[in-house]
Amino acid sequence: MNNNETYYRQIDLPAGDLHIYASDRLFQDMGSKVLEMANNNLQIPNIRYMSYTPDAHVGVGTCIGTTAVWGAENGYVSPSIVGSDIGCGMRVHVTNMQAEDLKDVRLRRKLVKAIEKLIPVESHARGYFSDIRLEHVLRKGLHGLPGKYVPDSYTPRKATSLTHVESSGFRFNEDVLDRLPEHVWHRSHRQLGTLGGGNHFVEIQSIQLHEDNYDVAQQWGLKDGQVIVMIHSGSRAWGGAVNQYCSSEVAKTMRQLGHGTADPKLQFAPIGSAAGDTYINLMYSALNFAIVNRHLLAYAVREAFRDTIGSGVELRTLYDLMHNYACGEEEGEDSYFIHRKGATRALPGGHPGNPAPYLTTGHPALIPGSMGTASYLMVGAAGGADNYYSICHGAGRIRSRNATKQLVSVDEFAASMRVGCEDEIVVNHRALESILDESPQAYKDVDQIIESVVGAGLATVVAKCSPLATVKGV
DNA sequence: ATGTGC
């Protein structure tokens with residue numbers, strides 16, 4: 001790491017201050033559109049704090065990589081900042097296998113096939129959890145699941161599914177649930193346990209522990225070379241429908257109040273207004289859907305591993321956390337309302353906001369890379385307090401899906417996945433063309449993003465995770 | 001991101 005490098009800067013925009021956590025190089029790559037979007041966001045009344053992570057890039061109405069904070073008393077909520085994939089996030093399970101156990105490419109193929117059999121990846125496919133009540137899931141999150149889908153039960157000493165998560169469920173005013181029409185309920189029920197498209201994935205990885213955090217790794221139960229499963233998914237059609245319905249309701253309120261910015265796609269409403277509160281309640285239902293969906297994907301992966309490897313294979317929950325959401329948080333005496341869009345909370349050890357199993361070490365912050373590149377297990381640092389403990393959410397896109405398809409050939413993509421080699425990263429798609437827009441060339445270099453996060457003092461690396469096999473949706 | 005769009 002270069003000690004002369006700057007990893008933080010404050011930009012004085014016309015509408016207010018923007019805090020950027022990025023190396024000089026990543027900052028220069030961001031471009032002016034990113035600053036324009038920040039200036040629009042900063043025009044939302046009473047905003048207290050706004051920052052960008054090093055992977056910040058242009059989105060709809062706001063940038064992916066935004067942390068935006070309001071005080072609890074005079075706060076605003078913005079469906080545009082949270083975005084369409086409400087509750088999107090990461091989940092990691094730790095196996096009792098070593099990378100060595102999966103060195104045979106045929107076994108990795110078998111595993112991918114087994115996962116695909118239990119997790120539908122096609123865009124209209126239905127899931128295999130029709131016995132689960134959608135209403136219970138939306139109202140109570142993981143607590144709304146039948147016991148058989150919570151195989152670890154509530155045993156506190158084990159790495160259970162319900163304690164080793166950032167949140168097991170949000171409670172809210174359930175009267176709002178009937179705002180969404182029957183066909184959305186129907187579709188969402190069928191979508192429980194499906195992966196979704198775009199950057200969503202299930203990936204089998206092997207971990208390499210970082211020397212600075214051996215003690216944390218040990219307390220998390222991680223060993224060098226261990227095989228883990230990383231899951232990236234969100235709230236599917238339910239979150240999309242919440243966003244669509246609430247954005248138009250919030251837009252009506254904005255017209256009544258005479259609110260607005262240069263960007264008509266940036267919607268916001270006061271907390272306490274009818275439209276604002278309806279959004280918060282429905283958003284929480286979508287967070288519950290996303291949390292449960294990742295849990296069910298993990299349940300299916302566990303079955304696939306047992307079918308393929310044997311009944312002795314374990315997949316204990318390491319952690320589940322989100323990078324697209326808004327909610328109330330507390331820091332000492334201070335209560336605030338925070339939006340994280342493409343930003344991950346990373347609490348340091350000792351912070352009371354950690355769930356009990358991670359109180360002393362800090363919880364795992366799960367950062368996905370792009371296809372064929374590394375992902376990371378991080379832990380928050382004390383310096384993160386300045387940024388409301390937000391770190392990056394991944395590599396961050398640098399090229400649109402269409403531009404990527406123009407630029408990258410199928411052969412180049414195949415080479416980056418080492419197709420045909422003994423160490424091939426096995427992908428579930430025979431035709432790589434269908435996921436060409438997810439090739440590494442579409443993304444920033446995740447290693448540089450991580451270097452910025454570490455350099456800025458927001459978090460440190462516990463383990464680097466290298467892909468062995470990937471299941472992608474379309 | 002999304003059973004998607006001017």
Side-chain angles (χ1 to χ4, degrees), chain A residues 37 55-66 78-91 119-127 130 134 138 180-202 231-248 251 264-267 279 282-283 285-294 297 321-326 339-344 368 370-371 392-405 434-439 442-443 471-474:
Chain A
M37 291 206 124
D55 50 336
H57 63 280
V58 171
V60 179
T62 198
C63 285
I64 292 103
T66 294
S78 169
S80 315
I81 297 182
V82 176
S84 179
D85 195 4
I86 300 168
C88 184
M90 309 302 302
R91 185 171 174 113
I119 297 179
V121 295
E122 264 92 57
S123 75
H124 291 233
R126 63 186 301 169
S130 53
L134 176 64
L138 296 172
L180 294 193
E182 179 59 31
H183 71 267
V184 175
W185 280 79
H186 183 70
R187 188 182 307 153
S188 297
H189 183 243
R190 285 166 51 127
Q191 280 188 333
L192 278 168
T194 61
L195 183 59
N199 57 6
H200 293 168
F201 63 75
V202 171
I231 294 168
H232 184 187
S233 190
S235 55
R236 311 288 281 109
W238 184 264
V242 168
N243 180 258
Q244 202 172 21
Y245 168 73
C246 291
S247 289
S248 76
K265 291 194 167 159
L266 179 58
Q267 266 98 40
Y279 174 67
L282 278 172
M283 175 190 55
S285 77
L287 298 183
N288 285 346
F289 186 103
I291 290 163
V292 167
N293 198 44
R294 284 189 296 275
L297 293 172
L321 89 177
M322 310 173 290
H323 50 233
N324 290 349
Y325 63 105
H339 299 65
R340 291 194 181 89
K341 168 62 175 175
T344 306
S370 52
M371 278 191 76
C392 60
H393 89 296
R397 189 165 272 280
I398 41 168
R399 241 168 231 107
S400 71
R401 297 189 180 279
N402 280 333
T404 307
K405 285 178 192 163
S434 64
I435 50 170
L436 195 55
D437 52 357
E438 283 294 312
S439 83
Y443 288 90
V471 177
K472 293 282 286 185
V474 278

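Hydrogens, waters and symmetry mates are skipped; everything else that's a heavy atom, side chains included, is used. Below, chain A is the first sequence line, B the second, and so on; all start at residue 1.
The two residues A:Cys246 and A:Tyr279 make their nearest non-hydrogen contact at CB-CD1, 3.4 Å. Shortest non-hydrogen contact noted between A:Ala290 and A:Ser235 is CB-N, 3.7 Å. Shortest non-hydrogen contact noted between A:Ala326 and A:Val82 is CB-CG2, 3.7 Å. What you find for A:Ala403 and A:Arg399 is that their closest heavy atoms are CB-CG, 4.0 Å. Contact between A:His339 and A:Ile81 at its shortest, heavy atoms only, is CB-CG2, 3.6 Å.
Between the A:Ser84 side chain and the A:Gly240 main chain, no donor and acceptor come within less than 3.5 Å of each other. With hydrogens and angles ignored, the 3.5 Å screen pairs no side-chain donor or acceptor of A:Asn243 with any backbone N or O of A:Asp85. With A:His323 contributing its side chain and A:Leu321 its backbone, the two residues share no donor-acceptor pair below 3.5 Å.
When side chains are defined from C-beta on, A:Trp238 does not count as touching A:Arg187, because their heavy atoms never get closer than 4.5 Å.
Residues of residues 190-200 of chain A having a heavy atom closer than 4.0 Å to DNA chain B, listed by number: A:Arg190, A:Gln191, A:Gly196, A:Gly197, A:Gly198, A:Asn199, A:His200. Within residues 235-244 of chain A, the residues that place at least one heavy atom under 4.0 Å from DNA chain B are, in residue-number order, A:Arg236, A:Ala237, A:Gln244.
Taken to the nearest 0.5 Å, the CZ atom of A:Phe201 stands 12.0 Å off from the CG atom of A:Leu297.
Bracketed by its first and final contacts, the part of DNA chain B lying under 4.0 Å from non-hydrogen atoms of chain A reaches from B:dA1 to B:dG5 in 5' to 3' order.
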